[in-house]
Amino acid sequence: MRLLVRFMGFLFAAGTVVFLVGVGAVAGLIWHFSKDLPDYSQLQDYEPPVMTRVHAVDGSLVGEYAKERRLYLPIQAVPKLVINAFLAAEDKNFYEHGGIDYTGMARAGLLYLQNYGSNRRPQGASTITQQVAKNFLLTNEVSFSRKIKEALLAMRIEKTYSKDKILELYLNEIYLGLGAYGIAAASLVYFDKSVNELTVAEASYLAALPKMPATLHPVRNRDRAIERRNYVIDRLVENGWIKQADADKSRKEPLAVTSRSNGAHTFAGEYFAEEVRRDIFERYGEKKLYEGGLSVRTTLDPKIQVMARKAMVAGLVNYDEQQGYRGAISKLDISGDWGVKLAEIKSLSDISPWRMAVVLETSDQSARIGFQPGRELGGAVSKQRETGIVTVDGVRWARALQGGTRGKTPTAVSQVLQPGDVIYADPLYKDGHPVEGQYRLRQIPEVSGAMVAMDPWTGRVLAMVGGFSFDQSQFNRATQAYRQPGSSFKPIVYSAALDNGYTPSTVVLDAPIEIDQGQGAGVWRPENFSSGKFQGPVTLRNALRQSLNTVTVRLAQDIGMPLIGEYSRRFGVYDELPNYLSYALGAGETTAMRMVTAYSMLANGGRRVKPTLIDRIQDRYGRTIFKHDQRECRGCDAPGGWKNQPEPQLIDRREQVLDSMTAYQITELMEGVVQSGTATVIKEVGKPVAGKTGTTNEAKDAWFVGFSPDIAVAVYMGYDKPRPLGKGNAATGGHLAAPIVRDFLKLALADKPAVPFKVPAGIKLVRVVAKTGMRAGPGETGGTILEAFKPGTAPPDNYSVIGVADADGRGGMPTYQQQPDSGFLMRPGTGGLW
């Protein structure tokens, strides 16, 4: 008995020693691994990389920019279903344990011993808290030391933060495949839904992804993905979080994944979205753009954007088709599965409803075509093959180019298309309706151009078209292409004159003129578009209406190029304008954005506007960090609500770059351009529109810039490598650019009333003879118009003609008087009729 007692005492003593040694060893290990543990307190202020989202004026998504596609979602905004799905898949006892699941650790340890030496990856036993410790503070290293650090951190995190905070960090940080971080981004990427719209099956699939997102790919490994999804559904039932009937229904649901684009999400908004991206990058830098979680509200109006693109593309395509058919994009061997071969050819993704196709067989009456198949989420070519028919009506425009000239109109499809031709086609329309199964041949236009639509009162860019296709060329011709504006610059010259003592009735001589350019540059002889034809003395109104170059040059001589340069800077057309008279005719280079901004200042009464694509930017916490509208609103923040106080007032401190009366005068002159000048095609809009055409030397660029009381728009058409657009009237701004604006404004102003331009205070409307600008006699109505004059000015009864001295070489300024018979001007004593 004594021996037994002594033996038990020995065992107790040995056990105590072993226990103390064990405790010491554990304490030593804890001390050892605790020395260099990361600072877990940083989780309190953790700001994960969050994607920047860009929205249009109606709230629709324009684009997303991120290195990690993540939207941070507070735990209060996460549906209970989604929380339960992740707990069922990852850590059902999350709200009970203190950071470590000892049962799970024992199970994982036993499995490790069973698989020892098999080179199989050990199974983890990490709780959600441990995963937070690993994802935020540690590495993915597979080792015991990392697991010990993970466990130590998990226990400390549990003592410092609430369960909800830990779960919030986990659900927003976890990687779920396809570039999506966090449940909010994953819900959009996989299902194009917000998390509160997810079904049981969808939430269960997302919850299955954290451990092996690549292995559970919804297309490449669909069966495995469904199996794991159903496992999570079973765990939800087992834990009593959903009913058995809901589980049975959810297991039967197909894994329907909706692929979400990484590009611009608003149709035809790619150029606009890229310009916004550049703007944010320049303001805040790369990190803020791709990780800052900015919310950007832009000025883009999706409806107007679609109208602008439709009109611009139609104008480019119509011009291009008139030049003739250049042939197929490429040739394809159509033996075997033509769909796989066609899918390998890069097509433009942003020119819907155009689609790439290959000609399968042809006859005189039709050609059968096969459309390029799409790709599934995993990148595999779709097995579906869609075909259609191109008829003679669909190729009638396609006159072949022969030696630079167009051939005859085709009478058979086989004259244009051959088997193996890779082409573009879109639905064939008759009487405004698509003909089922029939398509029209298309070709990508070589000519390009740009359009910008702006709110003239604020400078907000409502729509932007930077070319035919962003997928084809990301070069934004609206902001990056510097082109000569030609005669569309003339309103700036005329504004400078009207702002400095001239009137719409001022008469300038339209006659040949020679300018010695000096320094051996020779003599410059500017000509009107109708070369060799001159009209003699003409009013400023008629000179602008007919876009007379010699009148503009004489006017520039009279007021001086330095003054014109100053006005061009005020309006932002040019930063510096050389003092050469040719620049008065638009020989300098500028952009469509600058031109539409300048015309907006004419439209709004001379107030400076700064073009903007962004209304407001908020940071990830909702704080406004940028706002375009800097006007002061007095009385907007009324404490205590409405108490019959005076209405709020907007205080506009923007610079007045042009006298409001001058702005109205030039607007009225440009209305004349539309009503009876070089842009009469715009009259079809049926609303008040003012504007000016422009055609550069050799017709390399064609412009129209104009505005209504509600919207300003600039359009130019030209080749990226400038070359003539044609000859004669067919290549002018009035023939090429103005119809594009007409088609756009018909759509954009369809629901707007026909409100005339506002007459500013002080303007006097006086009836004058339209041809001469002289005051109309009593009762005289034929050939007269109402002309706008500032106080202290009036239409003349007789006056001098600017430019006569340089035309006849006599010097001086002879006087001209109205002749009752001719209705024009005759030089006294000469009998010479101008």
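FYI, the numbering just counts along the sequence from 1.
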| message | Would you say that E286 contacts F281 through its side chain, given a criterion of any heavy-atom pair below 4.5 Å between the two side chains? | response | yes
| Does the side chain of T732 reach to within under 4.5 Å of the side chain of T693, using non-hydrogen atoms? | no
Would the number of heavy atoms belonging to other residues, nucleotides or ligands and lying under 6.0 Å from [atom1] of [X] be above 12?
| X | atom1 | answer |
| --- | --- | --- |
| K310 | NZ | no |
| K303 | NZ | no |
| N697 | CG | no |

Between [atom1] of [X] and [atom2] of [Y], what distance do you get to the nearest 0.5 Å?
| X | Y | atom1 | atom2 | answer |
| --- | --- | --- | --- | --- |
| Y424 | I329 | OH | CD1 | 5.0 Å |
| R309 | M451 | CZ | CE | 12.0 Å |
| N542 | S547 | CG | OG | 12.5 Å |
| Y325 | L417 | OH | CG | 5.5 Å |
| R442 | W397 | CZ | CH2 | 8.0 Å |
| L745 | R742 | CG | CZ | 10.5 Å |

Consider side chain to side chain contact (heavy atoms under 4.5 Å, CB included). Of [options], which one does [X] pass it with?
| X | options | result |
| --- | --- | --- |
| V685 | L747, D743, L749 | L749 |
| V422 | I345, I369, I334 | I345 |
| M595 | V713, V452, T590, I492 | T590 |

| request: Evaluate side chain to side chain donor-acceptor pair (under 3.5 Å) for S676 paired with K683, printing each intermediate quantity in order. | output: CA-CA 9 Å; S676 58; K683 284 199 298 183; over 6 Å; no
Please find the pair of heavy atoms, one from [X] and one from [Y], that lie closest to each other, and give the distance.
| X | Y | result |
| --- | --- | --- |
| A412 | V392 | CA-CG2, 4.5 Å |
| Y271 | F475 | CE2-O, 3.5 Å |
| A690 | T667 | CB-O, 3.5 Å |
| A511 | R554 | O-NH1, 2.8 Å |
| S414 | Q418 | O-NE2, 2.7 Å |
| P456 | S708 | CG-O, 4.5 Å |

Do [Y] and [X] meet the salt-bridge criterion of a basic N to acidic O distance under 4.0 Å?
| X | Y | answer |
| --- | --- | --- |
| E698 | R723 | no |
| R355 | D426 | no |
| R375 | E344 | yes |
| D393 | K430 | yes |
| D701 | R483 | yes |
| R460 | D301 | no |

| task | Might you work through the side chain to side chain donor-acceptor pair (under 3.5 Å) test for N476 and E275, ending with a clear yes or no? | result | CA-CA 8 Å; N476 191 338; E275 201 68 21; 3.2 Å; yes
| query | Does Y439 have its ring centroid less than 6.0 Å away from the ring centroid of F371? | reply | yes
| said: For F489 and Y574, I'd like to know if the aromatic rings sit close, meaning centre-to-centre distance below 6.0 Å. | reply: yes
| message | Can you classify the ring geometry of Y599 versus F707 as parallel (below 30°), tilted (30 to 60°) or perpendicular (above 60°)? | response | perpendicular
| query | Should the pair R570 and Y567 be classed as cation-pi, given the thresholds of under 6.0 Å to the six-membered ring centre and 45° from the axis? | reply | yes
| remark: Sorted by chain and number, sequence neighbours left out, side-chain contact (heavy atoms from CB on, under 4.5 Å) with K610 holds for H628
| request: Only counting residues at least two apart or in another chain, list the ones meeting side chain to side chain donor-acceptor pair (under 3.5 Å) with D516. | output: none
| field | Residues Q535, Q546; criterion side chain to side chain donor-acceptor pair (under 3.5 Å); working and verdict | value | CA-CA 11 Å; Q535 300 183 29; Q546 299 175 70; 2.4 Å; yes
Please answer whether the main-chain N or O of [Y] pairs with a side-chain N or O of [X] as donor and acceptor at a distance below 3.5 Å.
| X | Y | answer |
| --- | --- | --- |
| W703 | Q484 | yes |
| N549 | E527 | yes |
| T695 | G733 | yes |

| task | Would you check, one step at a time, whether the test side chain to side chain donor-acceptor pair (under 3.5 Å) holds for K490 with S487? | result | CA-CA 5 Å; K490 288 177 181 176; S487 294; 3.2 Å; yes
